[in-house]
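In this text the structure is predicted, and so the values were computed from the model without any measurement.
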Amino acid sequence: MAERSLSNVFQNGGVVRLCSIASFQNLRVVDGELDCKGGSEPQAEFIVHTRQPGVMALQNKLYKDQWLAIYGGRVTLGEGGPYSEFRAIYLEDTFVSLESVKFPGQRIGVLPDGRLITGMGAESYFTVTSSTPEAVALISPRQSSCYPKPSPPTTQPPQPQPSSYPEPQPSSYLPPPPQQ
């Protein structure tokens, strides 16, 4: 497999989707707000802008004035300045985490319900999909799409089966019921 680096998965001008492993959905911009409840809609696509080696900014494809940012300890939308610059940190050759350049140690994180936080653990892990053919070839098959949400069981839970034990018999040590 080719060496993973910012330049071959997050190519300048490429378009990516970031799927949280916590919410099983993509980051997206809706009504001027950022959440992680997206699917394949254009609001969930981000254009990569390489700023310098190892540093990038992600601009929403549909809303060109909206950029991923961390400001004041919150994951939010910015204007593309220094609060919108991130480093990609690769985890387990399958996931990526985006760490703020301005605030080292603060990464884009997601709760299972799609709300955003700054995090450092599994809540900050994303899979990446890209429309750039060269980048798609470098993303592992497990990263090629957003993981499906666990679905509820389609079969009924097992019903108790009749016991093969004999029916319980009245105990001989109990006193007989009172006579009337």
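Side chain of Q59 to main chain of I47: no donor-acceptor pair is present (N/O by atom type, distance under 3.5 Å, no hydrogens or angles).
In this structure S124 satisfies the side-chain hydrogen bond (donor to acceptor under 3.5 Å, both in side chains) test together with S97, sequence neighbours excluded. With sequence neighbours excluded, the residues satisfying side chain to side chain contact (heavy atoms under 4.5 Å, CB included) with N60 are V29, F46, L62, Y63, Q66. In this structure Y83 satisfies the side chain to side chain contact (heavy atoms under 4.5 Å, CB included) test together with A69, Y71, K102, F103, sequence neighbours excluded. With sequence neighbours left out, the side-chain hydrogen bond (donor to acceptor under 3.5 Å, both in side chains) criterion links D113 to R115. Take Q43 and apply the side-chain hydrogen bond (donor to acceptor under 3.5 Å, both in side chains) test, not counting sequence neighbours, and it matches no residue.
Distance check, rounded to the nearest 0.5 Å: CG of L58 to CG of L68 gives 5.0 Å. Distance check: Q106 CD to I70 CD1 gives 5.5 Å after rounding to the nearest 0.5 Å. Distance check: I108 CD1 to T118 OG1 gives 10.5 Å after rounding to the nearest 0.5 Å.
Note on residues 120-129: no pairs pass salt bridge (charged side-chain N to carboxylate O under 4.0 Å, His left out), not counting sequence neighbours. Within the structure, the salt bridge (charged side-chain N to carboxylate O under 4.0 Å, His left out) test picks out the following pairs touching residues 68-86 (sequence neighbours left out): R51-E85. Sorted by first and then second residue, the salt bridge (charged side-chain N to carboxylate O under 4.0 Å, His left out) pairs involving residues 18-28 (not counting sequence neighbours) are R28-D35, R28-E41.
Closest heavy-atom contact between N26 and A44: CB-CB, 3.9 Å. Across F10 and L98, no two heavy atoms sit closer than the pair CZ-CD2, 4.5 Å. H49 and N12 make their closest contact through CA-OD1, 3.3 Å (heavy atoms, listed as atom of the first residue, atom of the second, distance).
The hydrophobic cluster of V30 has no other members, since no ILVMFWY side-chain heavy atom comes under 4.5 Å of it. Through chains of ILVMFWY side-chain contacts below 4.5 Å, I117 is grouped with L111.
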For the pair L77 and E33, evaluate side-chain contact (heavy atoms from CB on, under 4.5 Å) and give the outcome as yes or no after the intermediate values.
CA-CA 7 Å; L77 293 168; E33 298 290 324; 5.6 Å; no
Go through the steps to decide whether V16 and T129 satisfy the test side-chain contact (heavy atoms from CB on, under 4.5 Å), and finish with yes or no.
CA-CA 5 Å; V16 296; T129 57; over 6 Å; no
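When side chains are defined from C-beta on, T76 does not count as touching L34, because their heavy atoms never get closer than 4.5 Å. A 4.5 Å side-chain heavy-atom check between V110 and Q25 finds every atom pair outside the cut-off. Proximity of L27 to S20: side-chain heavy atoms (C-beta onward) are nowhere separated by under 4.5 Å.
W67 and M56 fall into different hydrophobic clusters, defined by Ile, Leu, Val, Met, Phe, Trp and Tyr side-chain heavy atoms under 4.5 Å apart, directly or through other members.
None of Y125, F126, Y90 except one satisfies the ring pair (Phe, Tyr, Trp, His ring centres under 6.0 Å) rule with F95; the exception is Y125.
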